[in-house]
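We use all heavy atoms of the structure for the numbers below, so side chains are in, but hydrogens, waters and symmetry mates are not.
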Protein chains: 2
Amino acid sequence: MDTSVICPRFETAISLLSQRWTGLIIYQLLSGPQRFSHLTEVIGISGRLLSERLKNLEAQGLVSRTVYPETPVRIEYALTEKGFSLKPVMDEIQNWSQVWIDPAETTKV
Amino acid sequence: MDTSVICPRFETAISLLSQRWTGLIIYQLLSGPQRFSHLTEVIGISGRLLSERLKNLEAQGLVSRTVYPETPVRIEYALTEKGFSLKPVMDEIQNWSQVWIDPAETTKV
DNA sequence: TATAATTGGTTACATAAAGTAACTAAGAGA
DNA sequence: TCTCTTAGTTACTTTATGTAACCAATTATA
């Protein structure tokens, strides 16, 4: 019997990226700190799920949350070093998509 | 108003990898063609979902299915060129996980 | 003084996806 | 005939996601 098992670290990492929206949020934040409402618009995610995902990402140390007590209040989400270090992963996905995804059929899986 | 939108090709690519199990299946197949029952055991996915995922991956040209009419029948799943070209993505996820995932807490997100 | 506008969420409910376990089909061998 | 094996499928439960309405704090406007 084959006892080989997938590397637990890899499994943890990919379970993170396999959560819907998480990859897109990180990708979007690579271009700099952004506000809640801006993320909902650009990504096309509901407030309910964005809120949930950002809390998870913060808890995992990938994203930071900064409050600017202006009027109205401004809250910015940004990648931490841990989050930013996913850039090479995102770059490779980008590369792959340029070669293998036909822009004519960029519909959802 | 900011009209910037996430690259549609990237969005398609990441929606593929954001489907639960899909990344793990591709990662596992990087080590060579494998049978249905072996994949369920190694990945820890149910037959129902593995069947569904493999059909999708085949339809998208990432995985091929080969029937060997032996007894009992042997069916092997393998990556196509398109599927195998995701190796750099998987390698980068692997790299990231080695640096940033603490093996002591490799629990699910 | 009341009303409205803005940001950053939350709540309640409907729908879709995933998990679980039992079942099936086809062929070969006892 | 009965059993074994592989490769799935079916029916049902649980969890995740989508949708839309709502709320609190603060300031501007009528």
Checking dT27(D), dG18(D), dG19(C) against the side chain of R20(A) (C-beta onward), the nearest is dG18(D)

Side-chain donor-acceptor contact under 3.5 Å, E11(B) with Y27(A): no

Taking CH2 from W21(B) and P from dG19(C), how many angstroms apart are they, rounded to a whole number? 6 Å

Between C1' of dA7(D) and CZ of R53(B), the distance in whole Å: 18 Å

With heavy-atom distances below 4.5 Å as the criterion, would you say the side chains of L62(B) and L16(B) are in contact? yes

N56(B) atom CG is separated from dA18(C) atom C1', nearest whole Å, by 14 Å

Given atom CG of L50(A) and atom P of dT19(D), what is their separation to the nearest angstrom? 15 Å

Separation of R35(A) atom CZ from dT6(C) atom C1', in whole Å? 9 Å

If an axis is fit to five pairs at each end of the helix from dT1(C)-dA30(D) to dA30(C)-dT1(D), what is the angle between the two, to the nearest 10°? 30°

Contact check, side chains of I14(A) and L17(B), non-hydrogen atoms, under 4.5 Å: no

Starting from the 5' end of DNA chain D, give me the residue, S18(A) or E70(A), whose nearest nucleotide shows up first. S18(A)

Counting just side-chain N and O atoms, does S37(B) come under 4.0 Å of either OP1 or OP2 of dA7(D)? yes

Check R53(A) against R20(A) and note the closest heavy-atom contact, atom names and distance. NE-O, 2.8 Å

Just the table, please: protein N/O against nucleotides 8-14 of chain D N/O, every pair under 3.5 Å.
from, atom 1, to, atom 2, distance (Å)
dG8(D), OP1, R65(B), NH2, 2.8
dG8(D), OP2, Y77(B), OH, 2.5
dT9(D), OP1, K55(B), NZ, 3.0
dT9(D), OP2, S51(B), OG, 2.4
dT9(D), OP2, K55(B), NZ, 3.3

More than 12 heavy atoms from other groups under 6.0 Å of NZ on K82(A): yes

Without hydrogens or angle criteria, can the side chains of S85(B) and W96(A) be said to hold a donor-acceptor pair below 3.5 Å? yes

Counting C-beta onward and ignoring hydrogens, is there a side-chain heavy-atom pair between I93(A) and V89(A) closer than 4.5 Å? yes

Base, sugar-phosphate alone, or nothing: which one does T71(B) contact when heavy atoms must sit under 4.0 Å apart? sugar-phosphate

Taken to the nearest whole Å, CD1/I25(A) to C1'/dT17(D) is 13 Å

In whole Å, I'd like the distance from the CD1 atom of I43(A) to the P atom of dG18(D). 12 Å

On a heavy-atom basis, which atom in I45(A) and which in L50(A) lie closest, and how many Å separate them? CD1-N, 3.5 Å

Can you sort out the partners of E70(B) under salt bridge (charged side-chain N to carboxylate O under 4.0 Å, His left out), two or more places apart, ordered by chain and number? R74(B)

Between dT15(D) (P) and Q19(A) (CD): distance, integer Å: 16 Å

